[in-house]
Undergrad: 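Here you go, one structure.
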Amino acid sequence: MTTATNTTTQQHTARPGAAARPVRWAADAVAAMREGARLRLDYSARSLWSVDRMIEGIRRESAPYAAVETVLRGFGAYAGEVIVRQTGGEWWASGGDHWVRTPDGRLWDPIDEARRCYTGDGSLRLLCRDATRGAPRR
């Protein structure tokens, strides 16, 4: 599974406010899980096991994508924040899309990975593992 984007073939510009929306989406997901599912998400890589399981449960219920799109965006943003905090990466944005750029220059799309999890073809836990491999622990 490779969701890193080659930065030499695409030009992206970092924006100071690029993190504002995904950080808010992640915080909303944390609050919703604490309130609704009584699940505490602590921005650790280990917590992504629980997020992957939550997405799997939603998928098994066969909820229409439109009904869960916002939840998946929040879970993806949460995974992105885990990667940012563990690697010292930063959020990048362009055209309404958001990515995490790790210090090694790779771009990761955790929001799209959450969508892929919903289709049974992704894992936020594995995305985080791949993105943090070789990165200094924070």
Side-chain angles (χ1 to χ4, degrees):
M1 162 190 14
T2 301
T3 51
T5 303
N6 183 341
T7 58
T8 60
T9 60
Q10 295 181 347
Q11 182 152 348
H12 302 284
T13 55
R15 299 181 187 154
R21 293 177 114 183
V23 168
R24 186 177 64 242
W25 296 332
D28 289 348
V30 168
M33 289 301 98
R34 183 180 57 243
E35 310 264 328
R38 304 226 188 271
L39 175 66
R40 285 194 120 15
L41 299 177
D42 61 2
Y43 293 95
S44 68
R46 177 171 251 225
S47 68
L48 293 174
W49 281 92
S50 298
V51 175
D52 277 347
R53 284 194 307 267
M54 289 295 294
I55 294 172
E56 173 64 23
I58 293 168
R59 185 167 65 85
R60 272 187 268 135
E61 291 175 6
S62 301
Y65 178 77
V68 297
E69 183 175 8
T70 301
V71 171
L72 295 173
R73 182 185 66 193
F75 284 151
Y78 173 77
E81 268 301 289
V82 171
I83 294 168
V84 165
R85 293 176 184 204
Q86 289 206 358
T87 67
E90 62 186 349
W91 282 100
W92 281 40
S94 177
D97 293 324
H98 294 81
W99 304 276
V100 170
R101 182 176 187 263
T102 49
D104 60 11
R106 294 181 295 169
L107 290 174
W108 304 87
D109 191 344
I111 295 171
D112 186 57
E113 189 70 13
R115 293 179 192 121
R116 290 169 31 102
C117 290
Y118 181 70
T119 64
D121 191 33
S123 169
L124 294 173
R125 177 186 59 83
L126 295 178
L127 178 76
C128 181
R129 183 200 65 190
D130 292 347
T132 59
R133 200 170 265 162
R137 295 283 180 215
R138 293 189 149 231

Undergrad: Using modelled atom types only, decide if a donor and an acceptor are shared between the side chain of Q86 and the backbone of S44 within a distance under 3.5 Å.
TA: no
Undergrad: Between A131 and T87, what is the shortest heavy-atom contact and its length?
TA: O-CG2, 3.9 Å
Undergrad: Is it true that R53 and E56 make a salt bridge, defined as a side-chain N closer than 4.0 Å to a carboxylate O?
TA: no
Undergrad: Provide the closest heavy-atom pair for P110 versus G80 in the form atom of the first, atom of the second, distance.
TA: CG-CA, 3.6 Å
Undergrad: Out of curiosity, L72 CG to M54 CE, how far, rounded to the nearest 0.5 Å?
TA: 11.0 Å
Undergrad: Find out whether L124 and V82 are in side-chain contact, i.e. whether some heavy atom of one side chain is under 4.5 Å from a heavy atom of the other.
TA: no
Undergrad: Is any side-chain heavy atom of Y78 less than 4.5 Å from a side-chain heavy atom of W25?
TA: no
Undergrad: What's the separation between atom CZ in R40 and atom OG in S50, rounded to the nearest 0.5 Å?
TA: 13.0 Å
Undergrad: Could you state the interatomic distance from CD1 (I83) to CG (L48), rounded to the nearest 0.5 Å?
TA: 7.5 Å
Undergrad: Do T119 and D121 have side-chain N/O donor and acceptor atoms under 3.5 Å apart?
TA: no
Undergrad: Is there a side-chain contact between W108 and E113 in this structure, where contact means two heavy atoms from C-beta onward sitting under 4.5 Å apart?
TA: no
Undergrad: Looking at C128 and A45, what are the two nearest heavy atoms and their distance?
TA: SG-CB, 3.9 Å
Undergrad: Report the distance from atom CD1 of I111 to atom CH2 of W99, rounding to the nearest 0.5 Å.
TA: 10.0 Å
Undergrad: Could you go through V100 and W91, starting from their C-alpha distance and side-chain angles, then the distance that decides it, and tell me whether this counts as side-chain contact (heavy atoms from CB on, under 4.5 Å)?
TA: CA-CA 5 Å; V100 170; W91 282 100; 3.8 Å; yes
Undergrad: On a heavy-atom basis, which atom in L41 and which in M33 lie closest, and how many Å separate them?
TA: CD1-CG, 3.8 Å
Undergrad: Which heavy atom of V23 sits nearest a heavy atom of E81, and at what distance?
TA: CG2-OE2, 3.4 Å
Undergrad: Are L126 and D52 packed together at the side-chain level, in the sense that at least one heavy-atom pair is separated by less than 4.5 angstrom?
TA: no
Undergrad: Should R73 and E69 be marked as a salt bridge (Lys or Arg N to Asp or Glu O under 4.0 Å) after you check the CA-CA gap, both sets of side-chain angles, and the distance that decides it?
TA: CA-CA 6 Å; R73 182 185 66 193; E69 183 175 8; over 6 Å; no
Undergrad: How close do R106 and R133 get, heavy atom to heavy atom, and via which atoms?
TA: NH2-O, 4.2 Å
Undergrad: To the nearest 0.5 Å, how far apart are CH2 in W92 and CZ in R101?
TA: 4.5 Å
